[in-house]
Amino acid sequence: MAHGDLAQLAAVVGGVGAAILLLARTRVELLGGLAVALLGEAMLAVALIPGHDLKRFVTPATHLAALVVGLSVLALAAWAFVRWPTVVPIALLAAAPFRITTSVGSQTAYLLDLLYVVLAAALLALVVRSVRGDSGRPLPRLLAIPAAAFVFFAGLSLLWTRDLRQGSIELLFFLFPFSALVVVVVRSPFRGWHPRALAATLVSLAALFSAVALFQRLTHGHLLASDVDRANAYTTYFRVTSLFKDPSVFGRHVVIAIGVLLVAVWLARVRFWLGAALIAFLWAGLVFSYSQSSYVALFAVAVAVSFVLGGPKLRRVLVVGAVACIIGGAAFVAATAVSDSARKATSGRTRLARVTWVMFENHPLVGVGIGGQPQASKDEANTKLSAKRDRSHTTPLTVAAELGIVGFLVYAALMAAAIRLLYLVTKWRRDLGLGAAAVFLGLFVHSLFYAGFFEDPIVWGVIGVAAWGLTVMASGTAGRLAHAACVDGSSSASQSSGSSSPVPASPSSSKAAIAPRESSTPS
């Protein structure tokens, strides 16, 4: 990179801003953290994008006109979010999956453009609401502390990364924006219809993706991924990608939707036959992705949801069946490895795990820096493939290799915080907690066999939804306690004033006076 020093400075600035934003408790901290994070983002963009490409945004006149139109759309969307802030989480989820091929001069990337527009509008709306005195609820410290530590340390690791360009991309397009996404979700007003709306949006998106996948299977064409299209010419089966460039990314979105549907069916939020029909349709599209990682994630989610919500007999059957499937799968892989190789039996996962583990062994304390694992593996593990082909497909290993023991401990703390949040929310509202837990489990299991965990906005979104629910639960509990304190105070005052009377108030009359207020307290 021509401006490597600027990128490293920007990473530190952006990391500090994102951490302040996540930890913010007051309006000043929120606005200050957002300003510092945006400064870091702007500096990263200048460092990453060549100057002659940046000039294209303002020249010629056609590009300038497009920029003006884009800003007008952004302002209009921000106005809508100020007017109706409750729709922000739904809009973010609806925009989250879609990646668009984007060209800026000589630079071409596959970006979440729609999500970035919605997120920018939501942040602008949050700024307006904050100035008006409505900045929403802060993140619970249970999540804010480990999330801030992880994002800050990842930004700091750009100072020693082995791949400055890839690390800058990770920070600019994923970690820094998605930390802001969590803040926007948590600070949005909550309504009782939100869990149903979020579930409906997620399932509708998956249904769209499965419909496109089935169309591709019928026509044997219209794939967005040219490499998969070429590979299909040399196989006896036809892999679909739907609206994505990777079958596994398509499979990931279908799996989490099936998980939500399973929770809805078990809790009778959806009629059985309707839920079964939707699951069958989504499964039909998923089958033709031939994504082994998606199949494993779906198995884990289906077993976990049924185990939690099923009876004792079903749980015993699930345990025995799961153990049998795991043993059978391990035996199949072992038999295939004997006749061929472990690398082929696991679709190359064993080789990727080996070259990634070498990086952790060589750099155990702080790793090789954000985005640096593929290049470092190519340089130090004596691989013959390109750095892109050496990218780890196991998120915990990637974190250990790139951020070392320090980063891995922070990652473990963040995952533990997410699990704790989901547990607490489930105790408050079962449908929201279990639905979010099914999504998180599917994404986590998928990340054990495929890359892109922290690069997926739904990962950060579901963590944000769990924190959102906890803040609403906490504020509701505080409201009830305050109301009870008021009731107790008023009753004490009435009793003390009544003590000066010649005839003291009887206990029964005190209870009668308090009872109507207690009954009006929200449950």
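For clarity, every value in this text was computed on a predicted model and none was experimentally measured. Below, each value reflects all heavy atoms present in this structure, side chains not excepted, and no hydrogens, waters or symmetry copies.
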State, to 0.1 Å, how close [X] and [Y] come at their nearest heavy-atom pair, and which atoms those are.
X      : Y      : result
Ser248 : His446 : O-NE2, 3.3 Å
Ala37  : Ala18  : CB-N, 3.9 Å
Asp456 : Leu443 : OD2-CD2, 3.9 Å
Ala467 : Leu143 : CB-CD2, 3.6 Å
Ala148 : Leu23  : CB-CG, 3.8 Å
Ala401 : Gln373 : CB-CG, 4.1 Å

Should [X] and [Y] count as side-chain neighbours, where that means a heavy-atom distance under 4.5 Å?
X      : Y      : result
Ile20  : Val16  : yes
Leu261 : Leu282 : yes
Phe454 : Thr395 : yes
Leu139 : Thr471 : no
Leu298 : Val445 : no
Val319 : Phe307 : yes
Phe98  : Leu115 : no
Val12  : Leu159 : yes

Self-check item: CA sep, side-chain torsions, deciding dist, call: Tyr290, Tyr295, ring pair (Phe, Tyr, Trp, His ring centres under 6.0 Å)
Solution: CA-CA 8 Å; Tyr290 295 100; Tyr295 295 162; 7.4 Å; no
How many angstroms lie between atom [atom1] of [X] and atom [atom2] of [Y], to the nearest 0.5 angstrom?
X      : Y      : atom1 : atom2 : result
Leu31  : Thr26  : CG    : OG1   : 8.5 Å
Thr426 : Leu432 : OG1   : CG    : 8.0 Å
Leu164 : Ile370 : CG    : CD1   : 12.0 Å
Leu397 : Phe360 : CG    : CZ    : 9.0 Å
Arg129 : Leu30  : CZ    : CG    : 9.5 Å
Leu403 : Leu365 : CG    : CG    : 11.5 Å

Would you find a donor on one side and an acceptor on the other, under 3.5 Å apart, between the side chain of [X] and the backbone of [Y]?
X      : Y      : value
Thr161 : Ser157 : no
Arg162 : Val368 : no
Lys245 : Leu224 : yes
Thr394 : Leu448 : yes
Glu380 : Ala376 : no
Arg430 : Val425 : no

May I have the list of side-chain donor-acceptor pairs in residues 171-187 shorter than 3.5 Å, sequence neighbours left out?
unit_1: Ser179; atom_1: OG; unit_2: Leu175; atom_2: O; d: 3.4
unit_1: Ser179; atom_1: OG; unit_2: Phe176; atom_2: O; d: 2.6
unit_1: Arg187; atom_1: NH1; unit_2: Ser135; atom_2: O; d: 2.9
unit_1: Arg187; atom_1: NH2; unit_2: Ala24; atom_2: O; d: 3.0

Quiz item: Below 6.0 angstrom between ring centroids: does that apply to His363 and Trp160?
Solution: no
Quiz prompt | Verdict with supporting geometry, Val228 and Asn232, side-chain contact (heavy atoms from CB on, under 4.5 Å) | solution = CA-CA 6 Å; Val228 177; Asn232 283 335; 4.0 Å; yes
Quiz item: Yes or no on side-chain contact (heavy atoms from CB on, under 4.5 Å) for Ile100 and Leu111, after CA distance, side-chain angles and deciding distance?
Solution: CA-CA 5 Å; Ile100 302 171; Leu111 302 177; over 6 Å; no
Side-chain donor-acceptor contacts of residues 404-415 below 3.5 Å, not counting sequence neighbours, with atom names and distances?
none

Quiz item: Does the side chain of Ser291 come under 3.5 Å of the side chain of Ser293 through a donor N or O and an acceptor N or O?
Solution: yes
Exercise. Evaluate the side-chain contact (heavy atoms from CB on, under 4.5 Å) criterion for residues Leu286 and Ser294: first the C-alpha distance (whole Å), next the side-chain angles of each, then the deciding distance (0.1 Å), finally the verdict.
Key: CA-CA 8 Å; Leu286 177 64; Ser294 300; 3.9 Å; yes
Quiz item: Only one of Arg99, Arg391, Arg252 forms a salt bridge (Lys or Arg N to Asp or Glu O under 4.0 Å) with Glu455, so which one is it?
Solution: Arg391
Quiz item: Step by step, would you call Leu202 with Leu198 a side-chain contact (heavy atoms from CB on, under 4.5 Å)?
Solution: CA-CA 6 Å; Leu202 191 65; Leu198 289 169; over 6 Å; no
Practice problem: Name the orientation class of the two ring planes belonging to His253 and Phe244 (parallel below 30°, tilted from 30 to 60°, perpendicular beyond 60°). | Solution: parallel
Quiz prompt | Test: Arg165 and Asp163 ion pair at under 4.0 Å | solution = no
Practice problem: Among Tyr423, Phe190, Trp468, find the residue that satisfies the ring pair (Phe, Tyr, Trp, His ring centres under 6.0 Å) test when tested with Trp428. | Solution: Phe190
Quiz item: Can you check side chain to side chain donor-acceptor pair (under 3.5 Å) on Thr398 and Glu402, steps first, answer last?
Solution: CA-CA 6 Å; Thr398 303; Glu402 293 186 347; 5.9 Å; no
Quiz item: Is the CZ atom of Arg25 crowded by more than 12 outside heavy atoms at less than 6.0 Å?
Solution: yes
